[in-house]
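What follows is a short report on a single structure.
Chain letters run A, B, ... following the sequence lines, proteins first, then strands; residues in each count from 1.
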2 protein chains.
Amino acid sequence: MGLESASQEKKACLLARAWDWLKALPKSLLGKLLEFGSNTKKIGQDDPRKVIHSVKVGVALTLVSLFYYCQPLFDSFGVSVIWAVMTVVVVFEFSVGATLGKGFNRGMATLLAGALGVGAHHLACLSGHIGEPILLGLFVFVQATTATFIRFFPKIKERYDYGMLIFVLTFSLISVSGFRDDEILKLAKNRLSTILIGASACIIITIVVFPVWAGEDFHNLIANNLEKLGSFLEAFEGEYFKASKDGNSEDNKSLLEAYKSVLSSKNNEESLANFARWEPGHGRFQFRHPWKQYLNIGALTRQCAYRIEALNGHLNTNTQVSQEILSMIQDECTQMCSESSKALKELALAVKTMTKPSLADTHIANSKAATKNLKSLFQSNFREEANLLAVIPATTVASLLVDVVDCTEKIADSVNKLASEANFKSIDSTVSLEESQLQKCEPAHSEPKTDSLHVVIIVG
Amino acid sequence: MGLESASQEKKACLLARAWDWLKALPKSLLGKLLEFGSNTKKIGQDDPRKVIHSVKVGVALTLVSLFYYCQPLFDSFGVSVIWAVMTVVVVFEFSVGATLGKGFNRGMATLLAGALGVGAHHLACLSGHIGEPILLGLFVFVQATTATFIRFFPKIKERYDYGMLIFVLTFSLISVSGFRDDEILKLAKNRLSTILIGASACIIITIVVFPVWAGEDFHNLIANNLEKLGSFLEAFEGEYFKASKDGNSEDNKSLLEAYKSVLSSKNNEESLANFARWEPGHGRFQFRHPWKQYLNIGALTRQCAYRIEALNGHLNTNTQVSQEILSMIQDECTQMCSESSKALKELALAVKTMTKPSLADTHIANSKAATKNLKSLFQSNFREEANLLAVIPATTVASLLVDVVDCTEKIADSVNKLASEANFKSIDSTVSLEESQLQKCEPAHSEPKTDSLHVVIIVG
């Protein structure tokens, strides 16, 4: 009796739990749905191109599946039409470059592997009824092993990984199917033509309807990363040296955090550069745009971001900094910060608008001059300070800023190289266009003019 | 006549060029072949598991294609066997985790999409001859658009991206094929069962034959990264403070460069962690091993590597450093370097051997003590130095070292957390096993004992 009642209690308990779960189900489902909705809204607002891309995939797939519904189209390919549908699903990527790369890989690999597969099948046929499966198995084994190993080669992995996969797939498919199907040539031909149809549909739709160019994204990413570093330096100047200004510290906080994404942008940059190389000329970019130089700029930008990360560590420490040393170096450090910041922003603008960065050199020269002044300050003006401990944080910041100025100079050289490789426009022709954006930099712009005036006078 | 001779000249020129190309062909082909050979050898030597993986793929593919050659096996599935071959090609990945993830995604997505596809087909059938293709097209469009958009959700992209792709593929395949093929249920069943056969073959072979565990790779990566930072600090100490020792500078150079791979290891760590989560318990790792904590350690290691990057910049500059200040801070900085280095290596060893890092805390305490001494040195002992410019590089290095010590402490906390979450063994039980590896740290090990002795005396 005791056992029975215990098992009844257990049952009741389980039932109660199940009931609770069922009662909670609508609520949790509703919660999930609401979360889904808000996620959808956020992604759609952040990048409406993602919504458009989804619709494009839907349209391409529906179009290709028309082959099934339309009798004359279906008659010419038969059930092979399914390969066209499959091709659309796997080839259609977000950017034009990625789609082209995958389409090219799939097409070429199918062609090559199809031809080899047919050859292998014929060779195997010659060896009689018993030899055929053995020889076919051997072929499949050898090509799968070889191709899988080749996929580990870094250069192949970078650009032709998907092609190698499709090569293995098609070769196995054709050579093995040949064992059961005598119309192997027709099979190979149908597979190739339906894949080409699918890939063409993807490529046409991705290029014609609201194209997303990986090259443009890459270009903007590099420019934005430079901009982020520039903004950090501007905000840093305000935070570190003018601690009294608390008014806009919320804005500053986001500016001071933005650079962190630069630290880990390497993989993103590399894959975008890889996609961009597949793309034809579009808008302001030609077919052989020097994407490699963008990668160099990206690497130098990251170098600079590492220094900035170290600099950022000095914002949040509570160590006491001697006010004396701060006020002594403030002018020069502020100058270094603001001039490097202007230079980086100018470089970002130059990349973004594809114009030669005419003002950046001036800003860099100014920041270099500030560095020099700072050094001579340190050499001469510092005889009474006793407590080095309170001095060190400030000098470390100064030293890191010197590093940042050096990095900025390297970035400027790299951008200049890009400007000459990609034939960036000279600024004069576009000055009226960008005037509003450049106004802030105007005072600095007038400096070199006086400089050249001096030269004229001296030479005169 | 003039025109004719010109065109003849052109032809001759073209012929000569073609001949040159043909003559050069064997040489360039031979060069390519030799390059291929040396690449193969290098990859095979660096990681023999890659060779084994390639052979495993070949074996799996050959085994699955047996279905074609064997009459009774072929009779039960027909041409659907091709899906098994395809599954092997696309699912078989390098590590067990990646293969399991893809296999699970493919299986589940096929099951779900197959069921929905059959349902959609039946629904469309009800709407008559004209309505059927329209309704089918609508279904395909809606599901393709929705699923493509859901792939942008970060959480889905991370773990179920491939599953979403296969969902779109299978749903389109089943629902569209249904328009031409009345045996749609058989089609769906055959697709599901052949995919399950292919996926099982992959999973069994990948787990049974020389398994490559992503978890183990991840575990080792994290430990090696810690080790690299430790080695850098050891080498840095030698290079910066004892410039006279030029004997082993070649060895040092590679130690000083090794940390750079840590800077960009984020993506690698994230994908390995993702694969590791799919893996069942194996060797020293249980199913729910705290991989997230490894990611935390990785992030902190990168933080430390950023500081080290700034430190590395001070090795190669030609700025004059005051010998006076160098000799003043040398002892403390050397202490900070070597103790942090020992702590990091100890933590690496602890992670690698899955034992509690008993000695790391002592090393960190020592480096903290050195930091404290350095600070009081700076406070008291520095009244006569006049030329701050020659002092700054050394103080900056000291300041960065202080940052590194802080980072090391954070890493140690994180490793301790991992040790308690993953139930690392206590070191006492394994001391005989790892004795040889730990011998270097022995002197430091004796220190806490004297400390505890002191306490006993005081308490007593």
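Ranked by heavy-atom pairs under 4.5 Å with chain B, the first of A/Leu400, A/Ile43, A/Leu63 is A/Ile43. When each of A/Leu263, A/Val90, A/Asn268 is scored by its heavy-atom pairs under 4.5 Å with chain B, the top score falls to A/Leu263. When A/Ala144, A/Ala310, A/Ser399 are compared by the number of non-hydrogen pairs under 4.5 Å with chain B, A/Ser399 comes out ahead. Most heavy-atom pairs under 4.5 Å with chain B: of the set A/Glu132, A/Gln143, A/Lys50, this distinction falls to A/Lys50. For the set B/Phe139, B/Phe36, B/Phe149, the count of heavy-atom pairs under 4.5 angstrom toward chain A peaks at B/Phe149. Taking A/Val140, A/Leu173, A/Val397, A/Ile166 one by one and counting their heavy-atom pairs under 4.5 Å with chain B, the maximum is reached by A/Leu173.
Under the 30°/60° scheme for interplanar angles, the aromatic rings of B/Phe167 and B/Phe171 are found to lie parallel.
With a 4.5 Å cut-off on non-hydrogen atoms, B/Leu136 touches chain A through its backbone and its side chain both. Neither the backbone nor the side chain of B/Cys407 comes within contact range of chain A; no heavy atoms are under 4.5 Å apart. With a 4.5 angstrom heavy-atom cutoff, A/Leu138 does not touch chain B via any of its atoms. Neither the backbone nor the side chain of B/Val142 comes within less than 4.5 Å of any heavy atom in chain A. At a 4.5 Å heavy-atom cutoff, the contact between A/Phe94 and chain B is made by side-chain atoms alone. Contacts between A/Val59 and chain B at a heavy-atom distance below 4.5 Å involve backbone atoms as well as side-chain atoms. Using a 4.5 Å cut-off between heavy atoms, A/Val51 contacts chain B through both its backbone and its side chain. Interface residue A/Thr40: backbone and side-chain heavy atoms are both found under 4.5 Å from chain B. B/Val88 does not touch chain A: none of its heavy atoms, backbone or side chain, sits under 4.5 Å away.
Residues passing the side chain to side chain contact (heavy atoms under 4.5 Å, CB included) test with A/Arg151 are A/Asp161, A/Met164, A/Leu165, sequence neighbours excluded. A search for side chain to side chain contact (heavy atoms under 4.5 Å, CB included) contacts involving B/Lys102 returns B/Val91, B/Glu93, B/Tyr162, not counting sequence neighbours.
Ion pairing between A/Asp46 and A/Lys42 holds under the 4.0 Å rule for side-chain N and carboxylate O.
Here B/Leu374 contributes atom CG and B/Met328 contributes atom CE; the two are 7.5 Å apart, rounded to the nearest 0.5 Å.
A side-chain donor-acceptor contact under 3.5 Å links B/Thr87 and B/Arg106. Judged purely by distance below 3.5 Å, without hydrogens or angles, the side chains of B/Arg191 and B/Thr170 pair a donor atom with an acceptor atom.
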